[in-house]
Structure formats: structure tokens, C-alpha cells
Participant: 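Before I ask anything, let me first share the structure, which is written out below as C-alpha cells.
Residue numbers start from 1 in every chain, and the chains themselves are labelled A, B, ... in the order their sequence lines are given, proteins ahead of strands.
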2 protein chains.
Amino acid sequence: MSQIPRRPRMPTLEDVARQAGVSRATVSRVVNGTRNVDPEIQKVVQEAVAVTGYVPNRAARTLVTRRTDAVALVFSVPDRPEDDPFLGRVFGDPFFGRILGGLLTVLRPRGVHPVLMLADSQRAREELAGSLRQEHIDGVAVVSITPDDPLPELLGRAQVPAVLFGRPAAAEVPVSFVDISQQAGARQAADHLVALGRTRVATIAGPQDSPAGRDRLRGFREAMAGHGQRDVPCVAGDFTQVGGEKAMRELLAAEPGCDAVFAANDLMAQGALHVLREAGRRVPEDVAVVGFDDSSAALAARPLLTTVRQPIEDMAAEMAELLLLSLNDPDQPTRSVIFRTTLVRRQSA
Amino acid sequence: MSQIPRRPRMPTLEDVARQAGVSRATVSRVVNGTRNVDPEIQKVVQEAVAVTGYVPNRAARTLVTRRTDAVALVFSVPDRPEDDPFLGRVFGDPFFGRILGGLLTVLRPRGVHPVLMLADSQRAREELAGSLRQEHIDGVAVVSITPDDPLPELLGRAQVPAVLFGRPAAAEVPVSFVDISQQAGARQAADHLVALGRTRVATIAGPQDSPAGRDRLRGFREAMAGHGQRDVPCVAGDFTQVGGEKAMRELLAAEPGCDAVFAANDLMAQGALHVLREAGRRVPEDVAVVGFDDSSAALAARPLLTTVRQPIEDMAAEMAELLLLSLNDPDQPTRSVIFRTTLVRRQSA
DNA sequence: ACCATGCAGGAGAGCGCTCTCCGGGCGTCT
DNA sequence: AGACGCCCGGAGAGCGCTCTCCTGCATGGT
């Protein structure tokens, strides 16, 4: 342990107490607002605090309260070699930032700080567990983009205050989460395309090893079946733009007459848009396109992408609320909150 | 201070010491690898650690070492009302995630955790200062997207270990930073356009109250002057896509004959591409377009955007190195590292 | 007048760790 | 053989805070 570059010594409770002519305990009470303190004395103490420039030392406080007022925001991604520069790509996704923004709206006013962590290897997961046991953080918000992620179950078992973004793959894991109704969202896309009079509808699905990918496809198919279209041509992509391009090309080859496409996320929809343009199809006149997420890609696309909006920020905020709840009372039952999606109508459909 | 939901008591050094039949001090030495300890005893201690499942308590350690092994990653943005939901937009920029990714490649192996903070109001800045004084964090990495940001100066004065992404607006602020040579980057764009044989070159500049915006414009103008084009038509945008669209429209109206455009960032270039397409200009045949940053927008654009690459991840990693350096020795002189940009040639020019 | 009651402030233990200081055993130099 | 270091382990102080317990005083009921 390398030793401390000593910064000038900070004033302590003791200093303030001396300055104010009261005991340490009293100062503590004033600072924390616990118990009643004579207003007269309160004023004296507050002045002493101002004079000395006192700020409570967090570590000392944590040592006794066993609260850190920090939570981890964990991104759980598929394992990869330690030196793979892929790291940047993970966080390059704006999705990530939106979650952070949503969390912050709740955490900040409560004085809780988010610490960023990445669970991308067995070792990283162990370190995360270590962080919790070290009492470095009070709880965990997990965003998992890994199929069959072992993390949720790990946390659930460990009885650690944790909340997931998106339901866990294994339904019986005892952990709180926020999610959207994927199927209802897909249904909105289907209904919209049908209302537009489209009759030869196809879909670019997400990876079928992800719950979101599966559920969106299922929801879309069921809805289309309800509208009388039993066989929806489908090619699965990988949630990336190039994946969407590839899928769209295949779809176009297999179903040249299709007049509408539902892509399981905006990035793939954007890819589809590019391919359709190359192929000389007009959007939305010849082919209507609907995406999913309402990410920044939807606004960057031309024509502007009609898409199923996922209220990410609200979901993240709720995630924070749930987390704080179980922080303050570990015996809270696990809860889940399912958000409603909305169809955002723009130009592409 | 709400009281602790007590989790089961964790094993302490004391427990390990008892288990191993040695003193607390010895266990501490083994755990931290300070001083030599008899290999025999070392083994006994390690076993005791394994048996008890001991993990050092971070707060206790911090209390005495005065190190938290945490740094703040601060995004300094223009002030705004406390309840403005703009929050999400800040972090929605992939730029943000790339920085985080870069930082992490350095911080993670060193066991340092990034804590996220937002400096978006006077109050937030004070809280940040408080966090430092509370010894909640050891240092600060700042990404400022505010013109005339008071934060760098504040930190510089406070003698706090700090590193900026991008040079401070006021040159004499004593604080380390990483940056690119904005002018050299702009020059690369200019040289490329000239090499392409373009003779009527225009530019969409960034906001002129940001250092980057100013420097890129200056660099571009100087380079073009060097190539014999003295008057470069210029409209300033605001670094957003719509800003780019607006600027491009103005440019097209004023200079219908222009055959090349340099946009001060990719987002604006993307906007320009859209407008050019609407206007029936072919890119790159009629008008060549070069962006700046090499962000994800460059790859999302069609045609693929030729752009000046800023090595964000490398810069962020260096930022972390500089920060760790001054953490370990506060007397380090302030340093700055200027990175080289590279022209990434794709389709648009 | 007395004791029960309530409330505000002080004393002091103790959270879990690191680190300085000490002491004892051993090797080495004279 | 004695003196002198050196190396390794133990003892114990103390980091800054919170919180329990205690004490002293005012209040009110009988």
C-alpha cells in the first residue's frame, strides 16, 4: 500500500467541538440533524462549522454506519479476453448513457453516488462481489446484455441489494427488476403496420438467445397472426447496424414483394433503411419500416424512424428507487415494474 | 442518518489473526504484501483468510491511509435548472462512453474505481468540492463541454489532483490535460480536400465560444490559405445534427457552387449529408464532406463519412495515467499530452 | 415537599484497519 | 566472544466518526 501524499490536515469534529465549546457528540447531532439540540447551541455549532470549514469524513462515517452511500452501476457483458479493446464499444452505446442519466435523477438528490463497473469476465464478477463484501458499495444496479448471464443469480443468492434492467433470463431468480412489456411493444408495431394497410410484412429479429430478442419476435408474430398474417418472414440480426443491413438484404432476396419491415431495434432498422435505399425502394411509400427503442439512431436516420419507444430514463429512475428501497430495508420483497412502450410515429412508417 | 440494515457481520483482521494464531499486524502485512513475512507464516495466514472468507474493509483502510482508490469522472456541462430532464442527453452522447471505456482500461487494473459526477450547477460544483474534501475521492478527471467553465480553475487553485480532457479555456490554469492538436487535425482535412482537387471549399464550424470550435476553424482557414484559398465560406453550427443541417442549408444558399465541406464534428457532417442529399447533390462526386471525431455517427452515415479521427480512448487512458501520477505524488508538475489526429478516409471525400 | 418523567448534552467505547515502535533471535564483523 | 546490526513478529495507538449510556436539569403530578 503506497503511502499517503499528505494533504493538509482537514478539520475534524473535535476541532469544531473545541471551537464551539461543546462536545463532539453535540456537533455530530447538529451536523446530522439527529435528536433535538438547543437552537442557541445549534447556531454556535453551525458557525463553528463555517469557521473551521469542516466537512465530515466519509470513511470514518462509513466505518461506523456501514453505509457508503454509493451504488455500483454494473454493465454485464459477454466474457472476453482481458486486453480486448472492445471496452470502448460497450460504453459507446448511447443506451448506456441514458440509463446513467435516469439513475442520476434519483440518486443525486439522495446523495448517493454511482460507481461504474464492468462485469466482463469471471474475475471481474468476483471483484464485484468483493466490492460488495468490502462494503465499498451498498447495492448494485445491473444492466446485462449477456445471454445466460450468471450475475443476476449470483446477486440474488448473495442477498445483495440489487436491481436489474430487464428481466433475468431465469424467471425464478429472486431479484427485483424493471422492464418493458416486449411483446406489447412489438404488438404496437404490428398494429401500426396493419393499420397502414401493409399486407406483406416481414421482420428483422434480434438475437434469439436474448430475452428481448425472443420476446419481441414472439409478440410481433402473435400480433400479426391476430391480424391474419400467419407466416411472417423473419431473419435474425445481432442488434447492430451492419447486422440489420445483412438481414435486410436476405429479406429482400427472399421476399422481394414485402411492403413493411419491423426491426427489433433502431440500429438494425437504420441498416435496413440503407439497404432499402440502395435497392431503390422508397420508404415509407414502397416499404414501411418500424424500429424499436427510440434511440438517437431513430433521429439520425433518414427518413426519420418510426419506432417503439422504450422509456429508458424513466426505467432507470425506477431502478434507482427500487434499489434505494431495498438498501434501506433488506427485507423488502423483490419487486418488478413493467413499463409501457409507446409508438413514436415519424416518417418511416 | 438512517441506521444500518445490518448484514451478517463480516470477518475482520482480528478473526483471521486468531484463526492463524498470529497478530493482526502480521495478517495485515501478508494481505498487503508490505515487508517480508516468513513464507511459512504467510501460508498459514493465507489459509486463514480463505477459511474465514476475509475481505479487507475499505472504509477502515481509507480512514487510516487516506486513500479511497476512487476518482471522480466529472462531466461539466452548462448550468441548467435542477429539474431539466436534459440530463439524459448529456450522457446519451457516445463520446461520453468512449471516454469512460478508455479510463477504465487504466483504472481497472490498478484497482481504482470511477465515480460519476455531473457538474451542471453551482451547487453541483460545490458538492464536488465537498466530495474531495470529505476524502471520498482521490482525484478528478474532468470532461468539460462548457464555454468558460469555472471548474478547471477551481480545481487548479484547490491543488486537487485533476486532469482535464481538452485544454482549459484560460491557458494559465495550472492543471494537467490531454488534448489533440485541433489545428493540425483541421489541416489534415484541408489538405485532403485540396489533394482531391476541390477548389471551392466551405466549412461548418463549431460554436465559437468553445476552444475546439475556434481552433478547428482557425486551423482549417490557415491551411486553406496556405493552399491559396483565402476566403473560406463559413457558417457556425452547434455541434448537433440539426445544427449541421441548418448550417448546410445556409451554406448551400450562399455558396451554391461549393464542392467540398469540412464540418467541425461528425454529427454536423451527418446533418450536412442529409441536406446535400435532399438538394440533389451527390457525395462525394459533387460535394466532398469531411467530418471530425470519428464517432459512431461517421459509420452510421451514408456514404460512410471521411473524418479526422480523435483517439478518444487513448486520450482517456492517458488522462487516467496522468491522474494516477499526480495522485501518488501531489508535487508532480502539471503535464499535458497532445495527441495526433489521423484522417480516416471512407466514402464521403 | 417528593419522586417520576422527559429531554439535552457529555463521556467514552469502538467501528476495522495501518503503522510506528519494540523486542528478541540470528548472522556477521572485529 | 562480544558488539552490532538486521529482520521479522507483536503490541498498541489512533484515524474520525456515531451511538449508547449516563448525568443533570427542568417540569409536572401527587
Participant: How close or far is atom P of D:dC19 from atom CZ of A:R66, stated in whole angstroms?
Facilitator: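 About 12 Å, once rounded to whole Å.
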Participant: Tell me the interatomic distance from A:R18, atom CZ, to D:dG16, atom P, rounded to whole angstroms.
Facilitator: 12 Å
Participant: Could you measure the distance from the CE atom of B:M319 to the CG atom of B:L103? Nearest 0.5 Å is fine.
Facilitator: 4.5 Å
Participant: For B:R24 and B:T12, indicate whether the former's side chain and the latter's backbone hold a donor-acceptor pair under 3.5 Å.
Facilitator: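 Pair absent, no side-chain N/O of B:R24 close to backbone of B:T12.
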Participant: With distance as the sole test, does A:S336 use its side chain to make a donor-acceptor pair with the main-chain N or O of A:S176 at under 3.5 Å?
Facilitator: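 Between the backbone of A:S176 and the side chain of A:S336 there is no qualifying donor-acceptor contact (under 3.5 Å).
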Participant: A:E126: which residues meet the salt bridge (charged side-chain N to carboxylate O under 4.0 Å, His left out) condition with it, sequence neighbours left out?
Facilitator: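 A:E126: no salt bridge (charged side-chain N to carboxylate O under 4.0 Å, His left out) contacts found.
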Participant: In whole angstroms, how far is the C1' atom of D:dC17 from the CG atom of A:D15?
Facilitator: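 About 13 Å, once rounded to whole Å.
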Participant: Restricting both atoms to N or O, compile the protein contacts to nucleotides 7-12 of chain C shorter than 3.5 Å, with distance only.
Facilitator:
residue	atom	partner	partner atom	Å
C:dA8	OP1	A:N36	ND2	3.3
C:dG9	OP1	A:D38	N	3.3
C:dG9	OP2	A:D38	N	3.4
C:dG9	N7	A:R29	NH2	3.3
C:dG9	N7	A:R35	NH2	2.3
C:dG9	O6	A:R35	NH1	3.4
C:dG9	O6	A:R35	NH2	3.1
C:dG10	OP2	A:S23	N	3.0
C:dG10	OP2	A:S23	OG	3.0
C:dG10	OP2	A:T26	OG1	2.6
C:dG10	N7	A:R29	NH2	2.9

Participant: Taking only residues two or more places apart in sequence or in another chain, which ones pass salt bridge (charged side-chain N to carboxylate O under 4.0 Å, His left out) with A:R35?
Facilitator: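 Listed in chain order: nothing, the list is empty.
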Participant: Whole Å only: how far is the CD atom of B:E14 from the P atom of D:dA11?
Facilitator: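 Answer to the nearest Å: 10 Å.
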Participant: Please state how far atom CE in B:M10 lies from atom C1' in C:dC17, giving the value in whole angstrom units.
Facilitator: 16 Å
Participant: From the list C:dT18, D:dC15, D:dT18, which nucleotide is the closest neighbour of the side chain of B:L63?
Facilitator: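 Of all the options, the side chain of B:L63 is nearest to D:dC15.
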Participant: Apply salt bridge (charged side-chain N to carboxylate O under 4.0 Å, His left out) to B:D179 and list each qualifying residue two or more places apart in sequence or on a separate chain.
Facilitator: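 With neighbours one apart ignored, the set is B:R167.
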Participant: Hey, can you pull the residues of residues 45-55 of chain A with a non-hydrogen atom under 4.0 angstrom from DNA chain C?
Facilitator: none
Participant: Please report the distance, rounded to the nearest Å, between CG in B:D69 and P in C:dT18.
Facilitator: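 From B:D69 CG to C:dT18 P: 12 Å.
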Participant: Send over the distance from B:L13 CG to C:dC19 C1', rounded to a whole Å.
Facilitator: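 Those two atoms, CG and C1', are 13 Å apart.
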Participant: Can you tell me if B:N57 touches the phosphate of C:dC15, counting only side-chain N or O atoms and a distance under 4.0 Å to OP1 or OP2?
Facilitator: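 False: B:N57 side-chain N/O out of range (4.0 Å or more) of C:dC15 OP1/OP2.
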Participant: Could you tell me which residues satisfy salt bridge (charged side-chain N to carboxylate O under 4.0 Å, His left out) with A:R125, sequence neighbours excluded, listed by chain and number?
Facilitator: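 With neighbours one apart ignored, the set is A:D79.
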Participant: Are any side-chain N or O atoms of A:R98 and backbone N or O atoms of A:A316, one a donor and one an acceptor, separated by less than 3.5 Å?
Facilitator: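 Checked: no pair found.
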Participant: Quick check on D:dC17: is either OP1 or OP2 less than 4.0 Å from any side-chain nitrogen or oxygen of A:R58?
Facilitator: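 Answer no for this pair, as no side-chain N or O of A:R58 is under 4.0 Å from OP1 or OP2.
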Participant: Can you name the closest pair of heavy atoms from B:V175 and B:P168 and give their distance?
Facilitator: CG1-CG, 4.3 Å
